[in-house]
Amino acid sequence: MAEQPWGQPYPVRPQQQPYGQPWQPAHTAQSAMRASHTDRDRTVDVLKAAYAEGRLSREEYGQRFDAVYQAQTYGQLAQLVADLPAGPVAAPFGAAVPGLPAAYGPPMPMPMPMPVPHRPVNGMAIASLALGVLSLPTLGLAGLGAVITGHVAKAQIRARGEEGTAPATIGLVLGWLSLGGWVLLFLLAGLGVLD
């Protein structure tokens, strides 16, 4: 028996069997790491789920619940949930068992969101806007072109699912205003009001 430096023998701890299993999981490096309060809370969550599903009796849940808060390492926590579905993956007798339940693994990376494809702006809508704006300095001569290209642009936007509704509408409004101005001018001249 090994002795401590001052001559006393090391205390021997009794082997603990995991609940519900006749075998001891294999020792891993992680199972010796000290557990935190958060780790204990996660283990309690696994036990609560198992109790709610009817996998544990009230007495067994109470025993394991008390043992969780006395556990000091990951290995001790893993033993408490080893026979539950959220515990370590089942392995053959004597095989190395992961020291941590699945709840303690690294977080899963979030997938990157897919970029939204950019819809192109309709060229006829831009032409309608340009002709509508040009109808002001040309005294309405470009208005007919603004109206024609505006209606063609609206039809193409509906058919193709493109952008450009606003420029087409502005071009149509300016084009119709300039055409309306010319019609009013011809009506007043025809009636002889402008003489």
Undergrad: In Å and rounded to the nearest 0.5 Å, what is the OG1 to CD1 distance from Thr165 to Ile170?
TA: 11.0 Å
Undergrad: Is there a path of hydrophobic side-chain contacts, each under 4.5 Å between heavy atoms of I, L, V, M, F, W or Y residues, that connects Val173 with Leu179?
TA: no
Undergrad: Show the nearest heavy-atom pair for residues Ala125 and Ile157, with the distance to one decimal.
TA: CB-CD1, 4.4 Å
Undergrad: What closest approach, in Å, do Ser128 and Ala146 show between heavy atoms, and which atom pair accounts for it?
TA: OG-O, 3.0 Å
Undergrad: Ignoring hydrogens and geometry beyond distance, is a side-chain donor-acceptor pair present between Asp39 and Ser36 at under 3.5 Å?
TA: yes
Undergrad: With the 4.5 Å side-chain cut-off for hydrophobic clustering, are Leu141 and Phe186 part of the same group?
TA: yes
Undergrad: Search all heavy atoms of Ser135 against all heavy atoms of Gly143 and return the closest pair with its distance.
TA: CB-N, 3.7 Å
Undergrad: Parallel, tilted or perpendicular: which one describes the rings of Tyr61 and Phe65, with boundaries at 30° and 60°?
TA: tilted
Undergrad: Is Val147 linked to Met124 within one hydrophobic cluster, defined over Ile, Leu, Val, Met, Phe, Trp and Tyr using a side-chain heavy-atom separation of less than 4.5 Å?
TA: no
Undergrad: Using every non-hydrogen atom in the two residues, find where Tyr74 and Ala35 come nearest and quote the distance to one decimal.
TA: N-CB, 4.2 Å
Undergrad: Tyr69, Leu80: one ILVMFWY side-chain cluster at the under-4.5 Å cut-off?
TA: yes
Undergrad: Under 3.5 Å, is there a donor-acceptor pair between the side chain of Arg55 and the main chain of Leu84?
TA: no
Undergrad: Could you check whether the rings of Trp176 and His151 sit parallel, tilted or perpendicular, using 30° and 60° as the cut-offs?
TA: perpendicular
Undergrad: With rounding to the nearest 0.5 Å, note down the distance linking CG in Leu56 to CG in Asp83.
TA: 7.0 Å
Undergrad: Quick one: pull up NZ in Lys154 and OG1 in Thr169 and give me the separation to the nearest 0.5 Å.
TA: 2.5 Å
Undergrad: Output the distance between atom CG (Leu131) and atom CG (Leu172), rounded to the nearest 0.5 Å.
TA: 11.0 Å
Undergrad: When rounded to the nearest 0.5 angstrom, what is the spacing between CD in Glu60 and CG in Leu47?
TA: 9.0 Å
Undergrad: For a quick test of reading the model, state the closest non-hydrogen atom pair linking Asn122 to Gln156 and the distance between them.
TA: ND2-OE1, 3.0 Å
Undergrad: First locate atom CG of Leu188, then atom CG of Leu184, and finally report the distance between them rounded to the nearest 0.5 Å.
TA: 4.5 Å
Undergrad: Is Tyr51 reachable from Val68 through a run of hydrophobic residues whose side-chain heavy atoms are each under 4.5 Å from the next?
TA: yes
Undergrad: Tell me the closest heavy-atom pair linking Ser178 and Gly140, and the distance in Å.
TA: CB-CA, 3.6 Å
